[in-house]
Colleague: 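This is the structure I want to talk about, given as structure tokens.
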Amino acid sequence: MSFRLHDSLTNATIPLPQRTPGETSLYVCGPTVYGYIHVGNARPPVVFDVLVRHLERQGLIVRYVRNFTDVDDKIIQVALDTGEEPRVITDRYIDAYRDDVAALMCRPPWAEPRVSENIAGIIAHVEALLAKGFAYVTGDGDVYYDTAKFEGYGKLSKRQLEEQSASEGRGKVGEGKRNEPDFALWKSSKAHEPDGARWPSPWGEGRPGWHIECSAMAHALLGDGFDIHGGGQDLKFPHHENEIAQTEPVHGPMASAWMHNGFIEVDIERNADFSEDVLARLPALKERFPDLRKVSKSDPKTLQGYRERDPATLTPDDLAMIAVLERKVHFGHWFQLRRLRDRVDGEAIRLWILGTHYRAPLAFDLAETGEAVSFPTIEQAEKRLEYFYDTRLKLAAKIPAGVMAKATLVDTLAKLVRDFDAALDDDLNTAGALDPFAQVFTLTNKLCDTKRPDKRDLDAADAAITHLTAVLGVGEGDPEAFFARVTARRVKCRDLDPARIDGLVQQRTAAREAREFARADEIRAELTALGIELRDGVTGTSWRAV
RNA sequence: GGUGCGGUAGCCAAGUGGCCAGGCAACGGUUUGCAAAACCGUGAUACGUGGGUUCAAAUCCCAUCCGCACCUCCA
């Protein structure tokens, strides 16, 4: 095992930690299930799924835990808004999450704990922190972590204690909180909060704070310390910093390595088509609103606020803000994974994500021509996927025709597979791994195009492709199922009539057989205009929506 | 201000001292009734800028400019 990874705690590249030889334990922070996820949330499951596949392929047992945060202020808010019980809400979004990540070709983790099913362990952990003097109870029945007691506080995010501001707690210093960065381990329930979000505890009815949940669930499933803790970059502080602070005093060092993925970012100025006036005002607006470019959940509300104002009172700056907000809301709409999946295949989203190293930022592209919305880089990935599956179909059809000639590709293919594995061994360099991946497919196509392909070459190509696609989780499905899925989506999206297309294709075939090529080309032009691509093969003509 | 990440060809994106990235788009060719798909080939002094080290720098050192993210719920 020569896998090495970048550890965010030490900022060094280290060998894969294995507390138990032949086994690696991995904890990844999962979603808070209060709504549908957006494409940014898709990155961690995809990245860590590839990590698990790669390690397992090399014979390791990976104990991969990804939690569901089903107890949280945001869930309570949804419950209060809709009148539903929290469990109903969280069940719904857990199902939706599983559906989304399955579409991204992520395999289920070894364990998916829910906070609501780990309350006893959480209470025990809080009690242990209280007993050791790392936490204190306030008059309101809240329990806070005392960050001043933990010497290593700030070591993951590399920040000094005094710089930090409060998080995860309603209190301010003086109102029961001892230090500004102290965070809640247990929050007392308020009268109006739903029954499904309160549990009895030694400190009265309440619910756990966000950070303690992961510490407790990781310990429940992986024991005292584990190998790798993963999650998005933004969780470094405060979430993971707090997990360390909570875990170390009770169970000793938490994770041997930390892996943080970069963000998927949207750039609203890109292709935004703003007017000269808006563009001229952007710099000044950015001064006033530093997070102007960031797509935020409060954007629709803010936009609504502007729309409700008397147009006469709107200044040019306001109008510019409206233009920008409209753009942000538009991006936000397509950022949601469910919506995006209506336009591009989940597997293509996966390939798009893997095209960039997991620690680097990844730009989300959206282009518009008139009414039509497109996602250039993801659509590019989808075309690539079609190529992979086409190649597999071609290879499968050619394998029976293999002969004992001269095998020339066996060694080359083996080397490409080694290069592929080596790229992944180097801190999961999926983008680098796509190089040998591409070369294997080119060689396979070339091999299939030869008249008398060697049987051993064909088998070697098949074995190489099986390995590469299984590790990346890209192009490994049933090709027919893939094309059926993609065609069905495009047909639906463009409101095409498959029966009519089949009819036109038949007419064209008849014309071609009669050697009436002008007529045949006329029909093809008609189909092209509908976005249908034809392929004349030896076994007849097939069509695909492009 | 603090902590990180980055600037590589039209676009996306690997690469951390000498040798090839890869993909998309473009162009030429093989193939095809013509296309499409596939394959082959081509392209551009590609490495933010200025110095330095070295036989050799995208890669190391110094300086500098620019961009991004997080530091408040966020993957």
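In what follows, chains are A, B, ... by sequence order, proteins preceding strands, each numbered from 1. Bear in mind that the values here come from a model prediction, so they are computed numbers and not experimental data.
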Colleague: Where does RNA chain B form stems of at least three consecutive Watson-Crick or G-U wobble pairs, each pair having both distances below 3.5 Å?
Modeller: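 The stems are B:1-7 with B:65-71, B:10-12 with B:22-24, B:26-30 with B:38-42, B:48-52 with B:60-64.
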Colleague: Counting side-chain heavy atoms from C-beta on, which of B/A69, B/C40, B/A14 comes nearest to A/F263?
Modeller: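 Nearest listed nucleotide: B/A69.
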Colleague: Looking at A/D345, A/D49, A/D100, which one forms a salt bridge (Lys or Arg N to Asp or Glu O under 4.0 Å) with A/R350?
Modeller: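 Testing each of A/D345, A/D49, A/D100 against A/R350, the sole residue satisfying salt bridge (Lys or Arg N to Asp or Glu O under 4.0 Å) is A/D49.
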Colleague: Pick the C1' atom in B/C65 and in B/A26, then give their distance to the nearest Å.
Modeller: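 The answer is 33 Å between these two C1' atoms.
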Colleague: Measure distances between side-chain N and O atoms of A/N445 and base N and O atoms of B/C40, and say whether any donor-acceptor pair falls under 3.5 Å.
Modeller: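 Not at all, since no donor on one side and acceptor on the other fall under 3.5 Å apart.
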Colleague: Is the phosphate of B/C39 approached by A/Y387 (side-chain N or O, under 4.0 Å from OP1 or OP2)?
Modeller: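 Checking B/C39 against A/Y387, a side-chain N or O does come within under 4.0 Å of OP1 or OP2.
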Colleague: Indicate yes or no for a side-chain donor-acceptor contact from A/R490 to the backbone of A/A545 under 3.5 Å, with no hydrogens or angles considered.
Modeller: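 It does hold such a pair.
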Colleague: From C-beta outward on A/D234, which listed nucleotide comes closest to its side chain: B/C70, B/A69, B/G33?
Modeller: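 Selected nucleotide (nearest to the side chain): B/C70.
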Colleague: Is there a side-chain polar atom (N or O) of A/K394 under 4.0 Å from OP1 or OP2 of B/A38?
Modeller: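 Looking at the OP1 and OP2 atoms of B/A38, neither is under 4.0 Å from any side-chain N or O of A/K394.
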Colleague: Please list, in numerical order, the residues of residues 427-442 of chain A that have a heavy atom closer than 4.0 Å to any atom of RNA chain B.
Modeller: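 Going residue by residue through residues 427-442 of chain A, the ones with a heavy atom under 4.0 Å of RNA chain B turn out to be A/N429, A/A431, A/G432, A/L434, A/D435, A/A438, A/T442.
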Colleague: Using a cut-off of less than 4.0 Å, is there contact between a side-chain N or O of A/K383 and OP1 or OP2 of B/A25?
Modeller: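 Yes, such a contact exists.
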Colleague: Has A/E347 got a side-chain atom pairing as donor or acceptor with A/G475's backbone, closer than 3.5 angstrom?
Modeller: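 Checking the backbone N and O of A/G475 against the side chain of A/E347, a donor-acceptor pair under 3.5 Å is found.
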Colleague: In whole Å, what separates the C1' atom of B/C34 from that of B/A46?
Modeller: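 So the two C1' atoms sit 38 Å from each other.
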Colleague: Give, ordered by number, those residues of residues 516-529 of chain A having at least one heavy-atom distance below 4.0 Å to an atom of RNA chain B; if nothing qualifies, reply none.
Modeller: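 Close to the strand are A/F517, A/D521, A/R524.
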Colleague: Using the P atoms only, state how far B/C27 lies from B/C5, rounded to an integer number of Å.
Modeller: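 Their P atoms lie roughly 41 Å apart.
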